[in-house]
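Each chain gets a letter, A, B and so on, in the order the sequences are listed, and its residues count up from 1.
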Number of protein chains: 2
Amino acid sequence: MEKIPTIKEIAKRLKISASTVSRALHGHPSIGLVTTMRVKKVANELNYEPNQTAIFFKRRKTLTIGVILPDLSDAFFSSALSGIEEYASKKNYNVFVGQSMENADKEKRILETMKNHRVDGIIISISKNTTDYEVFKQLKRYNIPIVFFDRRPDMEDIHYSACNLQLGMLQAIDHLIQKGHRNIGFINGPSQLLASKERLDAYKEGLNKHQISINTDLMVSSDLSAEQNGYAMRKLLSLTQKPTAIITFNDYVARDAIKLVKTFNMVVNSDISFVSFANAPIWSFMDTAPLASIEQFPQKQGIKASEILFKLFDDSIEGMPLDPVFHQVVFDSSMVSHVA
Amino acid sequence: MEKIPTIKEIAKRLKISASTVSRALHGHPSIGLVTTMRVKKVANELNYEPNQTAIFFKRRKTLTIGVILPDLSDAFFSSALSGIEEYASKKNYNVFVGQSMENADKEKRILETMKNHRVDGIIISISKNTTDYEVFKQLKRYNIPIVFFDRRPDMEDIHYSACNLQLGMLQAIDHLIQKGHRNIGFINGPSQLLASKERLDAYKEGLNKHQISINTDLMVSSDLSAEQNGYAMRKLLSLTQKPTAIITFNDYVARDAIKLVKTFNMVVNSDISFVSFANAPIWSFMDTAPLASIEQFPQKQGIKASEILFKLFDDSIEGMPLDPVFHQVVFDSSMVSHVA
DNA sequence: CTGTTAGCGCATTCAT
DNA sequence: ATGAATGCGCTAACAG
């Protein structure tokens, strides 16, 4: 392995000072044209590349953002990451990824590593089990802005991008009711998730809007494991007043529920209809897709989170000390039909 | 924002030297127990955290690996990334991600950025359009090992982890023939992909094994766009000797082909059967899944690539200059049935 | 057992 | 228009 060329090496060859080389390389106006040219020529010959680790160290800027997600093999998060990476890459930023695997401790460790690596900012969708929000506040000390997306802590003073589920849910319920359904079941996620609360609220509101009274029997929940998904569905099917339509927390729940329904020899979208929240781009593959999905646009959410983060970067460059404005962008979910 | 504590600050408070603090923090044996304790105590009080950027700079080790993939929203790659991240995280390494978006130029830019960031190693699955392999060789100059996985350049002197498609393909063909099929079509990917060549070879071998002569009409290819997937399928359906079974390059091709077949009112897995190479965990969602998938285990491939990379790290720590051994791990694909 | 010194590569301030 | 000197935070060689 050859020696990696530095600014010094160039200086030595040209018998000029390192600072001149540095300035020349940056096109500093005070450096003579000839010198600049000569420097650039030698730099090229030597295949000089600035050592970013040195620059980061000096500049206290790493041109890196950290992204922490629960699980990269979940399409919802990987497409969000895809959006973030694309955005960051356009801004010449690099992306660190970490997966919490729904483990609050691991999440904390990742956050600390990223802090120590001095990432310029963090985008995170928190794990199901995150209850300690102190970690997030600590980042402020290091002046590392943090933007939450989709799954966020229940706090006021945070930046986030999220998707309001209400519109999609209302559209879904309107749609189902228009199709004649009155008994609309709901398989929700674990109650500690903000997302579950939001879905539940919207569900109730949707029914209220149509003067349908809330039937708690129709509302079941699952920790999102295949077992509990099936169990929840079984509970709904065992009702004397079986639901004719079911809204599920996400596509995976829908899949498991549909699977179960089939073993009962019921016909999906005829005996019983489904609408799910979209976590995966899977329905294009299916015969028995749900009637519709409530789309949450993970990629867009990721991009929006990136926009917020980079806006924070820009603001802080302008020297404003601490932005008291919290960027909280919420756009609407929307129902997408799969079956005519 | 408060001042971030440094080793100096601790030294000042304790009126000792910075190097003593550094050593104490690392549990250096030559430092007295009392001093060590006092240092750790103050470090704790100040919430001291080492500045990794300084450490990286000094150590010429970033504890970071770069992962470059064609597209993160493709489940095949995101699950590979998931495996890599998990492995790296166990080794206390961080992961940079970049997506080439099948663009060779972007890929090259990402490689250069990562090189400048002095990542300790790179894992990459190259883009469809990568033809210039010089970039990879350049990394050697910076002593940055590179491990390819799945999609690799056609070179001898590289490290890679891959999945041998042969076994899965042979199993698939055995299976189909046992089911009575003799006319087995094949929708392959673009010929510039090594993966296409491998599939084709295995396909031919499988047929040969059963003394079925190769019929070039049954072999079509697609650039993997939905349009060309449909076009390829149409070509097969227009044959006078229509295939009764079709093997597709991947799940997306299968999806498009199946979609088309349905519009022709043919019954999948009865009029015509499918086996595809698995790129997505989607078949659990389907009624009309292919008969089977030839699994390539992206997560395992990712983990294996990580193992190779970390093995290279270990080797280089032992001071061996340049390992002349190329780690090329190939494990077998395997057919997984979806339909009894 | 602990302190002093030097230096990683670069950008920058202050001279000239 | 250029050079010399300085320091970012940390580690390590050398000295006591």
Margin query: Below 4.0 angstrom, which residues in residues 28-41 of chain A have at least one non-hydrogen atom near DNA chain C?
Written below: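 Within this stretch, nothing sits under 4.0 Å of the strand.
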Next item on the list: May I ask you to list the residues of residues 108-121 of chain B, by number, that have any heavy atom positioned under 4.0 Å from an atom of DNA chain C?
Entry: none
Between the side chains of [Y] and [X], is the shortest nitrogen-to-carboxylate-oxygen separation below 4.0 Å, so that they form an ion pair?
X        : Y        : answer
A:Arg151 : A:Glu102 : yes
A:Glu107 : A:Lys128 : no
A:Lys311 : A:Glu307 : no

Check: Honestly, is B:Lys304 close enough over B:Tyr87, meaning NZ or CZ under 6.0 Å from the six-membered ring centre and within 45° of the axis?
Finding: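 Verdict for B:Tyr87: no cation-pi partner in B:Lys304.
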Notebook entry, point to check: Can you list the residues that meet the salt bridge (charged side-chain N to carboxylate O under 4.0 Å, His left out) rule with B:Glu112, with sequence neighbours excluded?
Noted result: none
Margin query: My understanding is that only residues two or more places apart in sequence, or in another chain, count here; which of them pass salt bridge (charged side-chain N to carboxylate O under 4.0 Å, His left out) with B:Asp154?
Written below: none
Check: Under 3.5 Å, is there a donor-acceptor pair linking the side chains of B:Asp150 and B:Gln301?
Finding: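 Their side chains do contain a donor-acceptor pair, which is all the 3.5 Å distance test asks for.
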Notebook entry, point to check: B:Phe136 and ring pair (Phe, Tyr, Trp, His ring centres under 6.0 Å): which partner among B:Tyr160, B:Tyr142, B:Phe148?
Noted result: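 The option that passes is B:Phe148.
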Note to self: Within the 4.0 Å limit for protein heavy atoms, which parts of nucleotides 8-16 of chain C are touched? Write it as a string from 5' to 3', B for base, S for sugar-phosphate only, - for none.
What the structure shows: BBBBBB---
Check: NZ of B:Lys106: more than 12 outside heavy atoms within 6.0 angstrom?
Finding: yes
Note to self: What is the first contacted nucleotide of DNA chain D and what is the last, in 5' to 3' order, if contact means an atom lying under 4.0 angstrom from a heavy atom of chain B?
What the structure shows: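 Reading along DNA chain D, I get D:dC8 to D:dA13.
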